[in-house]
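Note sheet for the following structure.
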Amino acid sequence: QVQLVESGGGLVPPGGSLRLSCVVSGNIYSTTPMGWYRQVPGKERELVAEIIRGGQTNYADSVKGRFTISRDSVKNMLYLQMNSLKPEDTAVYYCSLMQLKRYWGQGTQVTVSS
């Protein structure tokens with residue numbers, strides 16, 4: 001059984017930084033695509049960043065140049081470094097992977113506010 005647990009969210013002022021972490025338990029392949037999504041109330045969950053096969057990374061246009069996704073396949077960890085945060089980045093952030101089916105973590109709240 002695959003489980004994902006996120007951490008690292010919190011309250012940060014505009015321009016600040018946060019690093020989200022996701023620990024994955026269970027058997028996954030090192031090439032399994034993984035990503036970070038976010039959701040605000042009343043809106044659909046959206047892709048923020050992903051790592052797909054071959055190590056290629058993709059980012060939403062709104063976070064390009066500010067966010068960096070990375071993974072440690074040995075430790076089964078996924079990270080999201082978020083810099084130059086803006087109020088519109090406020091959301092619940094979810095870690096996710098796709099291996100036969102879609103798995104989600106419980107989410108971690110990120111609030112960008114002065």
Side-chain angles (χ1 to χ4, degrees):
Q1 179 71 14
V2 176
Q3 292 185 321
L4 300 86
V5 178
E6 305 94 336
S7 62
L11 174 64
V12 62
S17 298
L18 280 176
R19 188 194 194 206
L20 304 184
S21 299
C22 173
V23 58
V24 183
S25 58
N27 294 322
I28 67 167
Y29 299 106
S30 61
T31 56
T32 295
M34 298 186 68
W36 289 96
Y37 292 72
R38 67 187 180 188
Q39 189 171 24
V40 297
K43 292 190 176 181
E44 292 188 357
R45 194 169 296 186
E46 64 173 1
L47 176 67
V48 176
E50 63 178 355
I51 294 181
I52 61 177
R53 287 176 178 162
Q56 180 181 338
T57 57
N58 297 311
Y59 295 91
D61 288 342
S62 59
V63 307
K64 282 181 181 177
R66 300 188 298 121
F67 291 11
T68 303
I69 188 172
S70 60
R71 71 187 291 175
D72 184 331
S73 297
V74 174
K75 296 181 180 179
N76 268 2
M77 296 288 294
L78 183 71
Y79 304 99
L80 185 69
Q81 178 65 44
M82 306 186 294
N83 299 327
S84 302
L85 282 161
K86 304 176 181 180
E88 51 264 42
D89 295 318
T90 296
V92 178
Y93 284 71
Y94 297 90
C95 174
S96 180
L97 65 86
M98 183 69 185
Q99 183 167 285
L100 299 181
K101 70 173 188 177
R102 174 70 61 183
Y103 292 90
W104 297 96
Q106 83 288 350
T108 185
Q109 176 70 46
V110 172
T111 302
V112 184
S113 175
S114 55

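Because the structure is predicted, anything quoted here is derived from the model rather than measured. Excluded from the calculations below are hydrogen atoms, water molecules and symmetry mates; all remaining heavy atoms, backbone and side chain alike, are included.
For Asp61, the side-chain hydrogen bond (donor to acceptor under 3.5 Å, both in side chains) partners at least two apart in sequence or on another chain are Lys64. Gln109 pairs by the side-chain hydrogen bond (donor to acceptor under 3.5 Å, both in side chains) definition with Thr111, not counting sequence neighbours.
Residues Ser113 and Leu11 have side chains in contact (heavy-atom distance under 4.5 Å, counting atoms from C-beta outward). Side-chain contact between Ser21 and Met77 is present, with at least one heavy-atom pair separated by less than 4.5 Å.
Atoms CG and OH, from Leu80 and Tyr59 in turn, are 7.5 Å apart once rounded to the nearest 0.5 Å. One finds the CD1 atom of Ile28 at 6.5 Å from the CD atom of Gln99 (value rounded to the nearest 0.5 Å). Taken to the nearest 0.5 Å, the CG atom of Asn58 stands 7.5 Å off from the CG atom of Leu47. Atom CZ of Phe67 is separated from atom CG of Leu20 by 8.0 Å, given to the nearest 0.5 angstrom. For the atom pair SG of Cys22 and CZ of Arg71, the computed distance is 10.0 Å after rounding to the nearest 0.5 Å. Remark: Asn83 CG to Thr68 OG1 distance equals 6.5 Å, nearest 0.5 Å.
The main-chain N or O of Asp72 is never found under 3.5 Å from a side-chain atom of Tyr79 such that the two would form a donor-acceptor pair. Side-chain N or O atoms of Glu6 include one that pairs as donor or acceptor with a backbone N or O of Gln106 at under 3.5 Å. The backbone N or O of Ser70 lies less than 3.5 Å from no partner atom in the side chain of Gln81, so there is not a single donor-acceptor pair. A donor-acceptor distance shorter than 3.5 angstrom exists from the side chain of Thr90 to the backbone of Val112, with no hydrogens or angles considered. In this structure a side-chain-to-backbone donor-acceptor pair under 3.5 Å is present from Ser96 to Tyr103.
Considering all non-hydrogen atoms of both residues, Ser17 and Ser84 come closest at OG-N, 4.3 Å. Closest non-hydrogen pair, Gly9 versus Val110, comes out as CA-CG2, 4.1 Å.
With hydrophobic clusters built from ILVMFWY side chains whose heavy atoms lie under 4.5 angstrom apart, Trp36 does not share a cluster with Tyr94. At a threshold of 4.5 Å between side-chain heavy atoms, the hydrophobic network of Ile, Leu, Val, Met, Phe, Trp and Tyr places Tyr93 and Val23 in two separate groups.
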From CA spacing to verdict: side chain to side chain contact (heavy atoms under 4.5 Å, CB included), Met34, Val24: CA-CA 10 Å; Met34 298 186 68; Val24 183; 3.5 Å; yes

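Residues in residues 11-40 take part in these salt bridge (charged side-chain N to carboxylate O under 4.0 Å, His left out) pairs, two or more places apart or across chains: Arg38-Glu46, Arg38-Asp89.
Glu44 CD: 12 or fewer foreign heavy atoms inside a 6.0 Å radius. Surrounding CZ of Arg102 are more than 12 heavy atoms belonging to other residues, nucleotides or ligands, all under 6.0 Å away.
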